[in-house]
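Read through the structure below, which is laid out as structure tokens, and then see the notes.
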Number of protein chains: 2
Amino acid sequence: MTKVTANDARASSDDAVRDLVIATADSLYNLRGIQSVGMDALRDESGVSLKRLYKLFPSKEVIVEEVLRSRHERWMSSVSAAVAEASGPRQQLLAIFDFLSAWFGENDFRGCGFINSFGELGGTVESLAGIVRDHKADFQAYVARLVEQAGGPAWLGPQLAILAEGAQTTAAIAGTSQAADDARRAAEILMDAAGITE
Amino acid sequence: MTKVTANDARASSDDAVRDLVIATADSLYNLRGIQSVGMDALRDESGVSLKRLYKLFPSKEVIVEEVLRSRHERWMSSVSAAVAEASGPRQQLLAIFDFLSAWFGENDFRGCGFINSFGELGGTVESLAGIVRDHKADFQAYVARLVEQAGGPAWLGPQLAILAEGAQTTAAIAGTSQAADDARRAAEILMDAAGITE
DNA sequence: CATACCGGAGAACGAACGTTCTCCAGACTT
DNA sequence: AAGTCTGGAGAACGTTCGTTCTCCGGTATG
């Protein structure tokens, strides 16, 4: 039985603190990578004591997992919101690359957090590798669904997904958003060939 | 003045040991990532004592840099060898994706070591980020040169390079070599549109 | 043969970090 | 008002890891 009291009010509810911790960790992990952000840094930045951190989460690994899960939801929501604003199948698929372009241009863009996490921990922490795989699989399935709705052939979805992946790594490493435009032009050519014209 | 004596013979020449260390480190870093392979593991696997490791290299960071440099040379050589076997501009460009397909199928394939290193250390070790950037820039320039020799338009090179990057991350995360075939088919369509027919 | 040197095995050191513990102040319950 | 619980500040613990040091056997040089 959970009791809500003035004590909770002083320290904020557990759920709110959890969200704050995940948001802070998300930002720090994105900025500096996972391994180089210690629990002390997370405490300093979030203002949540170590004791409470370990009451809310059993380990750092679980925090990382929840950060990746929240990133997945936020990222997929952002993409589908951008897609929803476009009209017509072709414009909707192109909206993915416009979204990427805008994302790459943000000044805290440090590459796809999932790709980075995979490079950082994919070889040693199997649970994280699974989350990364699921994220990419979800994105590929989403693109495939859009292609299907557009009446395009089955081979187009994987191709567009690969373009999006390549744009992400290229933009992250080169430090420019140019790759998004290159990928967008390639997507137009592929859609032309697939007969998606409107 | 370097003296070659029986003492050196017992312990092997410094250059040979350096090469052995780099090769061993290359394999271990590829398998388990950089951070999780300590100097003790490198000593155990290479048979070179810590004392000698630190006589040959000033620090682990320098070893990592040399591993990446040697990977770059080996990778670029492998790609150009595969390209050289093909005849005609179109087949040469497609040979890149055939090379990727074969690479992804190797059982010790764990993704592009440069992308992984970037995710692992790009945010904290600037010298490594530079090496990764240079590697990707070299590859992009190589593709652009092939496109130019084929008489293709300037926009095609970046597009093919993005496909190759996307195939690498997709194959690494998904654990299949399917992405290479998808990327190859996309490359054919893009070359068709660019007028590279033979 | 004596001595200086090279290198191996492995201990040792210092820092970083994940996790837990101690001490204590404030707030709710009875 | 006494007792109990929560949570903060920060010390402490154990481990990992990069790097250096100690000890010692063997080799080459006088």
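Residue numbers begin at 1 in each chain, while the letters A, B, ... track the order of the sequences.
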If the sugar-phosphate is the primed atoms plus P, OP1 and OP2 and the base is the rest, what is the B/S/- string for nucleotides 15-23 of chain D, using protein heavy atoms under 4.0 Å?
---SBB-BB
In one Ile/Leu/Val/Met/Phe/Trp/Tyr side-chain cluster, 4.5 Å: A/Ile63, A/Phe118
yes
D/dG7 C1' sits how many Å from A/Leu56 CG, rounded?
11 Å
No-hydrogen, no-angle side-chain donor-acceptor test under 3.5 Å, A/Gln178 and A/Asp182:
yes
Rounded interatomic separation in angstrom, taking NZ from B/Lys55 and C1' from C/dG7
8 Å
Using 0.5 Å steps for rounding, measure from the CG atom of A/Leu156 to the CD atom of A/Gln159.
6.0 Å
Side chain of B/Asp26, backbone of B/Arg71: donor and acceptor closer than 3.5 Å?
no
Distance in angstrom units between A/Arg52 CZ and C/dG18 P, rounded:
21 Å
Look at the side chain of B/Thr170 and the backbone N and O of B/Gly166, then say whether any donor-acceptor pair between them is shorter than 3.5 Å.
yes
Rounded to whole angstroms, how far apart are CG on B/Leu53 and P on C/dG8?
9 Å
Atom pairs and distances, donor-acceptor, side-chain atoms in residues 39-46 of chain A, under 3.5 Å, two or more places apart:
residue, atom, partner, partner atom, Å
A/Ser46, OG, A/Leu42, O, 2.7
A/Ser46, OG, A/Val48, N, 3.2

